[in-house]
Amino acid sequence: MRMLPTVLLGLLAAGSLAGGELTAGWQALAGYRADEALKIFAAGARAPDPAVAREARLGQAVALLAKQPVTAGQVDEARRVCTALADGGPDDPALAARFLLGRIAQHHQERPDPAEAARQFRRLIAAAEASTWAQSALSRLALLQLYALDLARPPAERLAATEKLLAQAHVPAVAGELHVALAEAIFFYRLPGAQALPHLLAAERLGGTDRVGRADVLVQIAELSRLAGNRAQAAKYYRQFLQENPRDSANYTARRRLADMEAPPAAAPGGR
Amino acid sequence: MKFSVKTAGWALMGAAYLMAAFTVARRTAESVRTDRVTIRFSQWQLEGTVRQAFDAIIARYEQLNPKVHVVHLPVPDTVYLPWIQTQMVGGTGPDIAEYVWIWPDIARRFQPLDEDIAQPNPYNRGTPLEGVPWRDTNVDGMSNDDSYIKSLSHYYGITVTSHVSRIVYNRELLRQITGSDQPPRTYREFVALCAKIQAYARVTNRQLVPLGSSQDTYPFMTYAIMGTMGTRLTQRLDYRHRLQIYQNQLSAQYLQGDWSFESPEMTAGLRLLADLGAVSTPGFVQRRRHTALTDFVAERTAMVVMPSWEASSLPVICSFAIGAFSFPYPREDDPVYGHLVQGPFGEGPRTSVMGLYVNRQTRHRAEAIDFLQFMTSVEGSRIFTEVSNWQPATVGVKPSGFAAQFSQETEGYAWGASYIGITIDAEQFLRTRFSTLWGAGGGVAAFQAEAKAGLGLRIRDDLRREGHAAVRNVQREDGIAVAGYFAAAPAQRPDRLPLVTLSNEIKVYQFNRVLAAPAPSQP
């Protein structure tokens with residue numbers, strides 16, 4: 001298997017590489033072998049097929065962001081490559097490059113630039129709203145709007161502005177993720193917990209959370225429903241939580257609360 | 001024929017060389033067999049009979065699978081981390097390695113097991129766990145930190161045991177002093193027992209202290225006591241409505257002024273700790289664990305704080321009968337602390353530990369997974385507990401007779417907040433300040449003043465560091481997500497990228513907001 005990159009590099013040198021062979025470079029990147037990937041993509045960038053060359057240049061940019069130690073020079077070079085790709089056409093590498101420009105400004109450069117990150121994400125969403133790249137950018141843009149931009153505005157206003165992103169979420173899991181981001185911000189800014197309940201119910205319905213995140217959502221719905229006096233809904237979600245997470249640390253408390261919710265109202269002790 | 005001394009010397013050296021060469025050649029010949037696969041498995045648990053337990057599991061596994069040979073590499077804990085890191089970086093790491101979720105480079109060195117754990121464990125055929133996904137045969141559903149790596153959102157470690165701490169006591173000595181060998185059931189009974197032991201020591205002029213402790217073991221009691229005393233406080237702090245609190249959340253809330261060591265629940269917890277210190281071995285904060293063990297074995301203490309992994313050695317070294325009990329935390333009917341607590345107190349669900357990870361570079365993945373499946377099957381887990389006296393981590397497997405005394409209490413409130421074992425530097429800071437609580441001239445107020453003066457600074461450093469680590473995680477996973485997209489066939493590409501989970505990325509922003517806010521006045 002170790003011979004594969006060598007063979008590919010030979011093919012690249014001979015100018016006979018087709019787009020499909022760049023897969024080896026992506027697989028090397030996914031396997032944390034950025035050096036190997038960089039060599040494959042560097043050779044691929046010289047391929048005569050423009051589509052192959054563009055994908056290879058994107059690969060180079062991603063590899064530069066992954067090759068250890070990542071230097072400021074590498075990040076600058078990745079940004080330069082991504083800018084050229086993003087401005088050079090409407091294909092997948094262009095959208096991916098725009099997405100990466102947002103991520104570079106958000107997390108990869110030494111001093112994050114939330115405004116620039118948001119600008120890139122908004123451009124991407126405006127250009128290809130339904131694409132994987134725009135859909136992936138939505139929840140990350142939401143975080144910028146909730147925690148890093150317009151900090152002079154009250155949190156409730158930032159939340160209201162961020163809720164508008166929901167209309168652009170076409171993938172159910174992306175919408176679910178946005179609802180979770182909104183609920184978490186409501187909790188973090190200590191706004192009334194009841195405001196988070198509709199978001200959590202939507203997130204539970206739409207998906208988008210992993211197993212641990214889903215457990216959070218189920219308990220949170222149950223608890224907020226209990227506090228709102230919706231005993232039936234609270235019981236339903238305590239039950240669901242216990243069924244899906246028989247070994248969670250909150251199980252004892254959840255079982256006690258479920259018993260309270262299922263008891264006749266007069267006999268149930270008051271909530272906190 | 002006449003031999004000179006020089007000739008005899010050369011002959012002797014030659015014979016020695018030939019013998020050494022023969023020995024080496026023979027060993028090499030023994031270890032290289034083409035009819036079976038050899039996998040290597042490293043771990044650092046050298047307590048009691050744990051090594052023998054793994055050897056017994058291997059022996060049974062090899063009997064069932066003669067074409068696989070498992071080499072057990074027990075390495076002392078003092079050198080394990082540098083050893084395993086060197087091995088992994090050098091490409092000579094074992095196929096299976098014990099590792100800890102908080103250690104570096106899990107994603108680079110080991111491979112996720114998400115698909116494997118969703119399948120039934122074949123070694124559970126014919127048992128009540130037949131057909132059950134491997135994940136759900138583990139006592140915590142592999143939700144522990146070593147199995148499910150939250151920052152990567154993948155399952156990595158297969159855990160084999162669980163641990164709790166208990167107070168181990170000398171049954172015969174207790175009977176001699178109190179007329180009964182039954183342990184105390186309430187906090188007030190515990191206080192009375194300690195007073196009786198102290199009185200007995202005075203009357204008999206015997207060097208005897210109620211409770212043995214050490215710098216290695218006191219945290220077990222301290223964390224649990226502060227956590228249980230803080231149950232009502234923790235409920236108030238659960239602004240996320242999750243019925244549990246992560247330690248970094250607790251740290252952030254300290255900076256936000258939501259709690260302090262002067263909060264009534266914390267003050268009560270510190271008073272209880274001060275009382276516990278007064279009945280413990282003098283100078284225990286400076287003493288190491290083996291001195292506490294020696295004092296107990298030599299009957300200079302009637303009880304000793306003991307984690308279950310060390311307690312498994314006690315039946316071998318104690319000349320008297322021993323028992324074990326959970327610390328009897330004050331409950332609602334306690335005249336002093338009752339109004340602050342809400343029990344019963346649980347120790348959470350059983351959380352398993354000792355994560356075994358599969359090397360990303362292994363050439364024998366199938367065999368490594370198969371061996372781990374046997375180890376954590378009903379049969380493998382039974383061998384483990386019977387030989388090691390450690391807790392099993394497989395559902396339905398009963399702990400050995402001795403280990404049963406250390407079974408985790410799962411029925412009770414468990415909020416997961418210890419208030420001491422918070423973030424890394426903050427925890428170390430608080431531990432170094434306990435001398436002001438237990439030292440001469442110290443006390444609760446002295447500890448509170450120390451905490452107030454220095455804890456916030458340490459928490460800030462911790463959160464800043466956690467934020468940086470979370471960003472590095474995001475950076476690494478960005479590349480993996482984009483690579484995964486393009487590596488897939490066009491028709492199979494995802495409709496959203498598998499980036500680092502949103503909860504991990506939210507952490508970066510929330511910590512930044514907490515750190516940017518001016519420090520409020522503490523309650």
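Chain naming here is simple, since letters A, B, ... match the order of the sequence lines and numbering starts at 1 in each. Values in this document were obtained by computation on a predicted structure and should not be read as measured data.
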>> With a 4.0 Å cut-off on N to O distance, would you call B:Glu411 and A:Arg255 a salt bridge?
In response: yes
> Yes or no on side chain to side chain contact (heavy atoms under 4.5 Å, CB included) for B:Asp478 and A:His108, after CA distance, side-chain angles and deciding distance?
Replying inline: CA-CA 10 Å; B:Asp478 272 0; A:His108 291 259; 2.9 Å; yes
Taking [Y]'s backbone N and O only, do any of them form a donor-acceptor pair with [X]'s side chain (distance below 3.5 Å, no angle check)?
| X | Y | result |
| --- | --- | --- |
| A:Thr132 | B:Pro494 | yes |
| A:Glu223 | B:Arg242 | no |
| A:Ser136 | B:Leu497 | yes |

>> Only pairs of heavy atoms separated by less than 4.5 Å count here; which of A:Val180, A:Leu224, A:Asp92 has the most with chain B?
In response: A:Asp92
>> Quick check on the interface: out of B:Thr501, B:Val471, B:Asp495, who has the most heavy-atom pairs with chain A under 4.5 Å?
In response: B:Asp495
> Looking at B:Gly484, B:Ala489, B:Pro344, which makes the most heavy-atom pairs under 4.5 Å with chain A?
Replying inline: B:Pro344
Which region of [X], side chain (C-beta onward) or backbone (N, CA, C, O), has a non-hydrogen atom less than 4.5 Å from a non-hydrogen atom of chain A, or is it both or neither?
| X | answer |
| --- | --- |
| B:Val395 | side chain |
| B:Gln244 | side chain |
| B:Asn512 | neither |
| B:Gln342 | neither |
| B:Arg472 | neither |
| B:Arg240 | both |

Select one option (side chain, backbone, both, neither) describing which atoms of [X] are under 4.5 Å from chain B's heavy atoms.
| X | answer |
| --- | --- |
| A:Asp210 | side chain |
| A:Ala222 | neither |
| A:Ile104 | neither |
| A:Leu218 | neither |
| A:Gln220 | both |
| A:Ala96 | side chain |
| A:Leu151 | side chain |

> Picking from A:His107, A:Gln106, A:Arg140, what satisfies side chain to side chain contact (heavy atoms under 4.5 Å, CB included) with B:Val474?
Replying inline: A:His107
> Once the angle between the rings of B:Tyr485 and A:Trp133 is folded into 0 to 90°, is it parallel (under 30°), tilted (30 to 60°) or perpendicular (over 60°)?
Replying inline: perpendicular
> Parallel under 30°, tilted from 30 to 60°, perpendicular over 60°: which one fits the rings of B:Phe486 and A:Trp26?
Replying inline: parallel
